[in-house]
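The shown structure was predicted, so the numbers you read here are calculated from the model rather than taken from an experiment. Below, all heavy atoms of this structure are taken into account, side chains as well, without hydrogens, waters or symmetry copies.
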Amino acid sequence: MGAVGLQTHIWANNTRSILLLAGFPVLMVFILYGVQLILMGLGFLPGTGRGLGDDMALAASWLGWTVPTAFVIAAIWFAIAYFGNQAMIDVMTGARKVERRTEPQLYNLLENLAISRGLRTPTLRIIESDSLNAFATGLHEGRYSVTVTRGLVNTLSRDEIEAVLAHELTHVINKDVRTMVIASIFAGIISVIAELVFRGLVYSGRGGRRDNKNAGPLILIGIAFAVIGFVLAFVIRMMLSRTREFVADAGAVELTKNPDAMISALRKIEGRSSLKGPDEVQQLFLDNQPDGVGLEGLFASHPPIGKRIDALVKFGGGRDPGPWSGGEGVSRSDASVPMTG
């Protein structure tokens, strides 16, 4: 990241994110059109009784009222999720808010990092899980939150914990958390549409009211539209998440001036980050790399930890201690002193 500078990567990521997020409403229209074609083919919506092109044109004409209706419903959903996203995430992950008096070392580390950047300290939350993971959430100043697992606190050294907190704080500074939360809300809306489509297909034999000679082609074309829309929405989410992790790792090094701590933290987290939660929430995690390879790895929401470490070694000047086997930490002076609550 040294050739053009970290700030250039941040600007490029933010510009790309705006363009990608703008694509979600377009995909909703795309998917909605596919759903209408499927419903027409199944006999739930009337056809023209003429050729396939006429039926497709009729379905397109309905978008004049179905799109505004869908966007009103989406706006209501978005408003509910916007104001209640943190409570929903807490329920889904088991996170709970903690104060300085209960987690003084952890709280002080986060507070010092926030003060160093002139930020209001995010709310600190902990998940009572042996998994090693963390994530940041929030949509604006005063609502930001950083969550870590108990396993992370008990396993990582002070320097490594500081590096992880700096990573998550970088997501806050760069407004990544806001982008990802909004993307997750959009994805949730599209997921509901997908579920409605599949439920309609399963129960379609019970209620088709009209015969349509173009039923087969309409259903196939509609499914193609819907599938393309769902896949593109999924790809957009992957693109938003994967590129930001590299920048957040670099931001952690910039904040702590300790690349070794970030690298050793990632080595300890590697293979131990599995944490339950909806797919939309897992996009926010520090690591969400699947155990498998091939296509499963190709569609992972996060880049492999090995690639993240390679970038830190190359551009951050850190050293890679290799896979962690459960021994002492390898960060600086207090590497062997784990955090305790």
Is the backbone of [Y] close enough, under 3.5 Å, to the side chain of [X] for a donor and an acceptor to pair up by distance?
{"X": "Asp55", "Y": "Thr48", "answer": "yes"}
{"X": "Thr155", "Y": "Leu152", "answer": "no"}
{"X": "Tyr33", "Y": "Met28", "answer": "no"}

Step-by-step side-chain contact (heavy atoms from CB on, under 4.5 Å) determination, Ile89 to Leu284:
CA-CA 11 Å; Ile89 291 172; Leu284 305 172; 4.3 Å; yes
Got a sec, which residues hit side-chain hydrogen bond (donor to acceptor under 3.5 Å, both in side chains) with [X], two or more places apart in sequence or on another chain?
{"X": "Asp54", "answer": "Arg50"}
{"X": "Glu128", "answer": "Arg96, Arg150"}
{"X": "Asn85", "answer": "none"}
{"X": "Glu168", "answer": "none"}

Side chains of His167 and Glu245: does their closest heavy-atom pair fall under 4.5 Å?
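A side-chain contact exists here, since the closest heavy-atom pair is under 4.5 Å.
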Just so I know, are the side chains of Phe135 and Ile127 near enough to count as touching, which here means a heavy-atom distance under 4.5 Å?
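Yes - at least one pair of side-chain heavy atoms lies under 4.5 Å apart.
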Taking all atoms of both residues into account, what is the closest heavy-atom pair of [X] and [Y], and its distance?
{"X": "Lys268", "Y": "Leu132", "value": "O-CD2, 3.4 Å"}
{"X": "Ala59", "Y": "Gln36", "value": "O-NE2, 2.7 Å"}
{"X": "Leu218", "Y": "Gly41", "value": "CB-CA, 4.0 Å"}
{"X": "Thr170", "Y": "Val247", "value": "CG2-O, 4.1 Å"}
{"X": "Leu110", "Y": "Pro122", "value": "CD2-O, 3.7 Å"}
{"X": "Ala166", "Y": "Leu113", "value": "N-CD1, 3.6 Å"}

Spell out, yes or no, whether Val91 and Val98 are grouped together once hydrophobic residues are joined by side-chain heavy atoms under 4.5 Å, including indirect joins.
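No, it is not one cluster - the side chains of Val91 and Val98 are not joined through contacts under 4.5 Å.
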With hydrophobic residues grouped by side-chain heavy-atom distances under 4.5 Å, do Val231 and Ile38 end up in a single group?
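Yes.
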Contacts of Arg117 that satisfy salt bridge (charged side-chain N to carboxylate O under 4.0 Å, His left out) - sequence neighbours left out:
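Per chain and number, Arg117 pairs via salt bridge (charged side-chain N to carboxylate O under 4.0 Å, His left out) with no residue.
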In chain order, what residues pass the salt bridge (charged side-chain N to carboxylate O under 4.0 Å, His left out) check against Arg272, with sequence neighbours excluded?
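In terms of salt bridge (charged side-chain N to carboxylate O under 4.0 Å, His left out), with neighbours along the sequence ignored, Arg272 is linked to no residue.
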For Leu165 and Leu106, what are the C-alpha separation, side-chain angles and deciding distance, and is it a side-chain contact (heavy atoms from CB on, under 4.5 Å)?
CA-CA 9 Å; Leu165 294 175; Leu106 192 62; 4.1 Å; yes
Residues in side-chain contact (heavy atoms from CB on, under 4.5 Å) with [X], at least two apart?
{"X": "Ala163", "value": "Ala261, Met262"}
{"X": "Asn108", "value": "Arg100, Glu111"}
{"X": "Phe30", "value": "Phe225, Ile228"}

Looking only at side chains, do [X] and [Y] share a donor and an acceptor under 3.5 Å apart?
{"X": "Glu160", "Y": "Ser264", "answer": "yes"}
{"X": "Asn133", "Y": "Thr149", "answer": "no"}
{"X": "His302", "Y": "Gln283", "answer": "no"}

Which residue pairs pass the salt bridge (Lys or Arg N to Asp or Glu O under 4.0 Å) test when at least one of the two sits in residues 82-91, sequence neighbours left out?
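Sorted result for residues 82-91: Asp90-Arg125.
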Which residue pairs pass the salt bridge (Lys or Arg N to Asp or Glu O under 4.0 Å) test when at least one of the two sits in residues 37-48, sequence neighbours left out?
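Passing the test, one end in residues 37-48: no pairs.
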Show me, pair by pair, the donor-acceptor contacts under 3.5 angstrom made by side chains of residues 136-143, not counting sequence neighbours?
| unit_1 | atom_1 | unit_2 | atom_2 | d |
| --- | --- | --- | --- | --- |
| Thr137 | OG1 | Gln86 | OE1 | 2.5 |
| Glu141 | OE2 | Arg120 | N | 3.2 |
| Arg143 | NH2 | Phe83 | O | 3.4 |

Calculate, to the nearest 0.5 Å, the distance between atoms CG and OG1 belonging to Leu124 and Thr147 respectively.
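Leu124 CG to Thr147 OG1: 7.5 Å, rounded to 0.5 Å.
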